[in-house]
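Chain naming here is simple, since letters A, B, ... match the order of the sequence lines and numbering starts at 1 in each.
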Amino acid sequence: MLIRTHNCGQLRESDIGATVRLNGWVNSYRGHGTGLVFIDLRDRYGLTQLVFDGEDLPKEVMDAADKLRNEDVLAVEGKVRIRTGGENPKLVTGKIEVVVSKLEVLNKTANPPFLPDDLNKLPNEELRLSYRYIDLRRPRMQQIMQMRHKLAKVTRDYFHENGFLEVDTPILYKSTPEGAREFLVPSRNVPGGWYALPQSPQLFKQILMVAGCDRYIQLCRCFRDEDPRADRQAEFTQVDLEMSFVRRDQVIDMMEGYVRRLWKEMCGYDVPPIQRMGYREAMERFGIDRPDTRYGLEITDISEIAGRSDVAFFKDALAKGADRPKFNSQRGVVKAIRVPGGAEKLSRKITDGYNEFVRGFGAGGCAVVKVNAQGAFETGIAKFLEGVKADLVSALKLEPGDTVLFVADTYAVCTKALGELRQKVARDMGVVPKPGAEGGPWNFLIVVDFPMFEKNKDTGKWVAMHHPFTAPNDDQRDAFVNAPVDDEVTIEAIVSAGYDIVLNGQEIAGGSIRIHDPAVQGKVFQLLGMTPEQAREKFSFLLEALSYGAPPHGGIAFGLDRLVMNFTGTDNIRDVIAFPKTQIGADLMTKAPSMVTEEQLKELYVKSTYTAPVK
RNA sequence: GGGGCGGUAGCUCAAUUGGUUAGAGUACCGGACUGUCGAUCCGGUGGUUGCGGGUUCGAGUCCCGUCCGCCUCGCCA
């Protein structure tokens with residue numbers, strides 16, 4: 001075989017005269033019969049034009065060249081020369097060509113179902129996933145894979161330089177059924193026993209801290225058997241880390257350093273100091289714990305004014321949980337979004353849609369008021385607001401041409417509905433900037449002071465907002481340990497030492513200071529409704545470890561796939577994963593998941609209850 | 001589990017209200033062609049309209065079911 005001396009993106013004018021060998025795929029064939037044939041040869045690095053000239057080459061070679069087709073795999077030897085037919089400015093190698101003297105067809109391709117071509121419209125994703133090896137040949141996909149590699153390398157460099165140790169943790173792990181649904185793996189050696197695939201290496205990294213590792217990092221695969229989304233796969237990768245002898249600020253500082261290094265090296269962007277915002281403020285102003293602060297459309301609580309209006313459903317909503325403290329999730333509130341210029345841009349049809357939209361989040365509806373050119377309120381509930389018009393104009397800073405969207409319900413419902421509506425309105429109004437990879441702003445935010453617990457809507461029980469190993473913030477420890485278990489108001493107000501990093505309204509990282517104090521950990525389990533026996537059964541290894549000299553510690557995890565999406569400017573997570581899965585967790589190329597034999601199941605003490613439907 | 005969109009030649013798409021033999025570009029096959037740049041020109045093969053029922057004189061088109069893909073709500077400690 002003619003082993004390559006160069007790759008297909010390498011040769012320049014300075015190589016003219018050199019005899020070279022290239023290997024690669026036929027990207028395009030431009031033939032003039034057996035007299036003259038041009039081939040663009042492609043590999044991961046680029047394209048180089050090959051010329052087969054009938055005046056110099058024997059007939060057999062010209063015949064073979066004339067039969068070349070897209071995606072054939074070649075090895076050639078030839079001389080580099082200036083292009084006599086004029087340069088091609090589209091290619092970095094466009095000033096030269098290789099005049100072929102020897103041709104080896106290493107693999108004659110079957111007719112491919114599609115060509116790895118970024119110029120034409122892409123075939124449907126089903127086909128791309130079925131023939132992933134062809135799809136991945138596309139320059140765009142090669143670029144994404146290189147970006148992903150670079151991100152991993154910068155990550156390892158940065159954390160290595162900061163004294164972090166990369167440690168592998170098990171993939172076959174213990175089932176801990178809180179949180180996401182797990183993938184299970186039956187054991188052959190322990191009849192009836194099962195492993196679970198880790199949702200994250202959370203407990204292992206904490207135990208590594210107890211083990212004196214001090215600073216841990218891993219680019220780890222995590223598994224959550226939940227339905228995917230455009231930016232979510234059941235199997236995904238985290239930049240997972242943990243630090244000993246730290247409080248919240250030390251972890252956040254290290255993360256800011258990482259983010260700054262990453263953006264600098266990946267796209268030359270200098271990340272400014274990152275603003276912090278409390279969870280409560282984020283929910284009040286933006287209705288979501290990962291606010292997109294690239295645009296306004298903030299939410300205003302107008303409960304007090306609404307209470308003095310004549311709008312019946314405002315008053316009904318405000319009557320809910322009126323005895324509860326201000327930020328109690330079940331307390332009735334009325335909130336509004338001012339949409340500057342909305343009177344013109346948001347048609348009746350669109351605002352009717354908003355009504356339907358907020359119902360999807362449990363709200364009764366969305367009232368709409370337009371401020372006309374004379375400053376008067378129009379539509380719907382306008383006449384019932386007359387008495388408080390001046391107060392609304394002042395509270396919302398209304399101007400002619402504005403639209404105001406109102407939702408009245410409990411704090412939890414109202415906040416969620418308006419938080420989601422705000423993002424929809426922003427898209428409808430066209431005020432969402434382009435993504436960072438396309439020249440838009442990179443807008444970072446660190447969100448802190450999350451509640452430790454929230455009430456599950458269905459069961460009414462407390463659940464950990466982050467996870468059960470998250471510590472209360474340092475100034476809350478005593479209040480937490482001493483809080484009566486049935487004191488909902490106090491418990492709901494306890495703030496954790498958790499933090500999220502938000503980029504353009506997307507959570508890219510989340511973490512916390514962990515509990516290293518068995519008394520605090522016991523209290524958490526108690527609130528979560530776990531008896532000490534149950535807690536010991538599930539997490540004995542952790543509780544035991546914490547009792548043998550656990551240092552204060554904390555950490556964070558970044559979603560690696562989402563980071564790559566940001567740098568490559570794609571909104572499809574499957575584009576940044578070499579071999580992704582579909583909505584039902586299928587791999588269309590390998591056809592996983594697949595049936596297994598009775599013998600395999602028997603050896604694992606497993607019996608399938610599935611019966612194929614009768615056709 | 002719920003809602004929405006889609007599935008027509010290898011691929012990307014078209015096909016009037018339900019109406020003749022389902023078309024085009026591209027790929028593929030054959031031919032012509034000595035400076036192309038996603039080469040060009042000529043000719044040709046290629047279809048169980050995802051699958052199964054139903055309505056109808058007649059279904060790619062309408063109805064029901066089902067499978068697959070995508071988006072989304074729930075879910076994702």
Quick one: is [N] close enough that its OP1 or OP2 comes under 4.0 Å of any side-chain N or O from [X]?
X: A:R30; N: B:A39; value: yes
X: A:Q583; N: B:C71; value: yes
X: A:N124; N: B:U12; value: yes
X: A:K67; N: B:C29; value: no

In whole Å, I'd like the distance from the [atom1] atom of [X] to the [atom2] atom of [N].
X: A:K424; N: B:G4; atom1: NZ; atom2: C1'; answer: 12 Å
X: A:L122; N: B:C70; atom1: CG; atom2: P; answer: 15 Å
X: A:L119; N: B:C37; atom1: CG; atom2: P; answer: 14 Å
X: A:R69; N: B:G30; atom1: CZ; atom2: C1'; answer: 10 Å
X: A:E226; N: B:C73; atom1: CD; atom2: C1'; answer: 14 Å
X: A:N70; N: B:G38; atom1: CG; atom2: P; answer: 13 Å
X: A:N572; N: B:U72; atom1: CG; atom2: P; answer: 10 Å
X: A:R181; N: B:G74; atom1: CZ; atom2: P; answer: 15 Å

Any salt bridge between A:R224 and A:E182, counting N to O under 4.0 Å?
no
Nearest to the side chain of [X], which nucleotide is it out of [options]?
X: A:Q49; options: B:G38, B:C37, B:U72; answer: B:C37
X: A:T84; options: B:G69, B:G35, B:C13; answer: B:G35
X: A:N111; options: B:G10, B:A27, B:G69; answer: B:A27
X: A:K416; options: B:U12, B:G74, B:G69; answer: B:G74
X: A:P123; options: B:U12, B:G69, B:C71; answer: B:U12
X: A:P113; options: B:C11, B:G10, B:U34; answer: B:G10

Is the base of [N] touched by the side chain of [X] through a donor-acceptor pair closer than 3.5 angstrom?
X: A:R128; N: B:G69; answer: no
X: A:N120; N: B:G38; answer: yes
X: A:R574; N: B:C70; answer: no
X: A:T582; N: B:G69; answer: no
X: A:D227; N: B:G74; answer: yes
X: A:R81; N: B:G35; answer: yes
X: A:R229; N: B:C71; answer: no
X: A:E97; N: B:G35; answer: yes

What distance, rounded to whole Å, do you find between the two [atom1] atoms, one in [N] and one in [M]?
N: B:A39; M: B:G3; atom1: C1'; value: 49 Å
N: B:C42; M: B:G18; atom1: C1'; value: 39 Å
N: B:A22; M: B:G65; atom1: C1'; value: 26 Å
N: B:U49; M: B:C62; atom1: P; value: 16 Å
N: B:G43; M: B:C37; atom1: C1'; value: 26 Å
N: B:A27; M: B:U21; atom1: P; value: 31 Å
N: B:U45; M: B:U55; atom1: C1'; value: 37 Å
N: B:G60; M: B:G25; atom1: P; value: 24 Å

Hey, which of these two, A:V463 or A:G54, hits RNA chain B nearer its 5' end, going by closest nucleotide?
A:G54
Report the residue (A:Q199 or A:F361) whose heavy-atom-nearest nucleotide on RNA chain B is the more 5′ of the two.
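In this pair, the answer is A:F361.
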Do [X] and [Y] have side-chain atoms, one donor and one acceptor, less than 3.5 Å apart?
X: A:R30; Y: A:S28; result: yes
X: A:D72; Y: A:Y29; result: no
X: A:Y354; Y: A:D428; result: yes

Side chains of [X] and [Y]: closer than 4.5 Å at any heavy-atom pair?
X: A:V485; Y: A:Q526; result: yes
X: A:M565; Y: A:I573; result: yes
X: A:V98; Y: A:L11; result: yes

Mind telling me whether A:F38 and A:H32 have parallel, tilted or perpendicular rings, with 30° and 60° as the class edges?
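Rings of A:H32 and A:F38: perpendicular, over 60°.
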Indicate, with a heavy-atom threshold strictly under 4.0 Å, whether [X] touches base, sugar-phosphate, or nothing.
X: A:L115; value: nothing
X: A:P468; value: base
X: A:Y29; value: sugar-phosphate
X: A:G31; value: base
X: A:L528; value: nothing
X: A:N88; value: base
X: A:T34; value: nothing

Would you please determine if the base of B:U36 is stacked by A:F38, with stacking meaning a centroid separation under 5.5 angstrom and planes under 30 degrees?
yes
Only pairs with both distances under 3.5 Å count, Watson-Crick or wobble alike; so what is the partner of [N] in this structure?
N: B:G25; answer: B:C11
N: B:G69; answer: B:C5
N: B:C41; answer: B:G31

A:Y195 six-ring centre to A:K174 NZ/CZ under 6.0 Å and within 45° of normal:
no
For A:F539, which of A:Q521, A:E544, A:M530 qualifies under side-chain contact (heavy atoms from CB on, under 4.5 Å)?
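Single side-chain contact (heavy atoms from CB on, under 4.5 Å) partner of A:F539 among A:Q521, A:E544, A:M530: A:M530.
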